[in-house]
Amino acid sequence: MKSQRNISEFILLGLSYDQNIQVFCFVLFLVCYIALLAGNLLILVSIRCSPLFHQPMYYFLSHLSLIDICYTSTVTPKLIADLLVERKPISYSNCMLQVFTMHFFGGTEIFVLTAMAFDRYTAICKPLHYVIVMNRTRCNLLVVAAWAGGAVHAFPLFSTAIGLPFCGPNEIDHYFCDIFPLLKVACTDTYVTGILVIAFSGLVALVTFIVLFVSYGIILFTLRNLSAEGRRKALSTCWSHITVVVLFFGPVIFIYLRPPTTFPEDKIFALFYTIIAPMFNPLIYTLRNSEMKNMIKKVWFHTLFSKETHN
C-alpha cells in the first residue's frame, strides 16, 4: 500500500485553536477520563466478584463496562495529551489502528446493547421461559457474537481506510482518525467509498436503533400486566437501558447516516459516544438500580473490612 501514499503521518487539528479553551478542555476531559475509568472498573470488578455475575443482565453489563474502557481509551488519552501541544501529529500506522479499534469496539458495543435488550425482552415478556432461554451457554454465545460482529463491522472500514491514496494534504479536521475525515484528504474520488461507509456504519446503527426501540416499546407495553412493584423495578431498569441507547446511537446516526462529508459540529457530537456516554453509563446503571448499589457496597465494604481485620 506504500506506493499509494507519500505521507508518513497526519496532523490532527483537534477541538479548538484557542489556547484557553484547550487548557479548559484538558482539565475537563482528564477528569472525565478518570471518572470513566473509575466508574466502569468499579462496575466490572463489583460484578465479577459477586453472585450478580451469574445473572445475564449483569453479565452483559460487565462486558459493556469493559468495552467502554477499551473504546474510549483508543481516543481519549491522545486527545488529552494533544490539548497540551500546538502540533498534533499521528503516524499513518497509528491512524489506521485507531480507525480499526474505534469501529471494532464501537460495533461490539452496539451488539452488546442489543443482547441486553434481548435479555430484558425475555425477562419481562417471556418470564416463564427466561431461565431456559437466557442460560449461560446462550449468554456466552451472544457475547462471542457481539465481539465477532464488531470485527466484521470494523474490517471492511479498516480495509477501506488502508486502500485510500494520500498524496498531499495531511491535516485532519478532527481529534482522532475516522473514516469520513480521511476520505476528505484522500486524493481520489471517494463518493462510492462514502456510500459503502454509510452502509457499514450508518445503516447498521439505524437498523439496530430501530430494533432496540421496538423491543423496548414492546417491553413497556407488556409492563401493564405486572404488579406495581414489578412494574417499578422493570421501568427503572428499562429507562436506564433506553438512556444509554439514546446517548450512544443519537450522535452515531447523525455522523454516519448522511452523505459522506464532514462538519465542524462532528467533533462535538463525537464527544458523546467517545467520552460522555461511556462516562455516564456507570452512573445510569447504578443510580437507578438498588440491587447494583447494594452489591457495590457489599463487595467493597467486605473487602475493606477484611483488610482491616487481617491487619
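As the structure is a prediction and not an experimental result, all values here were calculated from the model.
Between K126 and V133 there is no side-chain heavy-atom pair separated by less than 4.5 Å. With a 4.5 Å cut-off on side-chain heavy atoms, S73 and I69 count as touching. K267 has its side chain within reach of D173: a pair of non-hydrogen atoms, C-beta onward, lies under 4.5 Å apart. Contact check for I284 versus H241: no side-chain heavy atoms found under the 4.5 Å cut-off. Looking at heavy atoms from C-beta onward, M134 lies in side-chain contact with L142 at the 4.5 angstrom threshold. Between N40 and L64, every side-chain heavy-atom pair lies at or beyond the 4.5 Å cut-off. Using a 4.5 Å heavy-atom cutoff, the side chains of I198 and L257 are in contact. Contact annotation: the side chain of L15 never approaches that of I21 to less than 4.5 Å [non-hydrogen atoms, C-beta and beyond].
Taking the ring-ring contact (aromatic ring centres under 6.0 Å, His included) definition, one finds that Y59 meets it with F53, H63, sequence neighbours left out. Under the side chain to side chain donor-acceptor pair (under 3.5 Å) criterion, T188 pairs with no residue, sequence neighbours left out. C95 is linked by a disulfide (SG to SG under 2.5 Å) to C177, counting only residues two or more places apart in sequence or in another chain. Take D266 and apply the side chain to side chain donor-acceptor pair (under 3.5 Å) test, not counting sequence neighbours, and it matches R258.
Side-chain atoms of N94 and S91 include a donor-acceptor pair closer than 3.5 Å. Side-chain contact of Y71 with T101: a donor-acceptor pair under 3.5 Å is absent, judged by distance alone.
Here salt bridge (Lys or Arg N to Asp or Glu O under 4.0 Å) pairs that include residues 70-97, with residues two or more places apart or in two chains, are E9-R87, K78-D82. Sorted by first then second residue, the side-chain hydrogen bond (donor to acceptor under 3.5 Å, both in side chains) pairs that include residues 109-124, not counting sequence neighbours, are D119-Y130.
Checked against a 6.0 Å centroid threshold, the rings of F10 and F166 count as neighbours.
The aromatic rings of Y256 and H103 sit perpendicular, their planes meeting at an angle over 60°, well past the 30° parallel limit. Using cut-offs of 30° and 60° on the angle between ring planes, the pair F254 and F269 is parallel. Ring geometry for F100 against F155 counts as tilted: the plane angle lies between 30° and 60°, on a 0 to 90° scale.
In this structure a side-chain-to-backbone donor-acceptor pair under 3.5 Å is present from T72 to T274.
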Requested in this report: Assess whether side-chain contact (heavy atoms from CB on, under 4.5 Å) is satisfied between L212 and F249, documenting all intermediate values.
Outcome: CA-CA 10 Å; L212 289 175; F249 279 89; 3.7 Å; yes
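Linking ILVMFWY residues whenever their side-chain heavy atoms come closer than 4.5 Å, directly or via other members, places I162 and F104 in the same cluster. Taking hydrophobic clusters as Ile, Leu, Val, Met, Phe, Trp and Tyr residues chained together by side-chain heavy-atom distances below 4.5 Å, L182 shares a cluster with I195.
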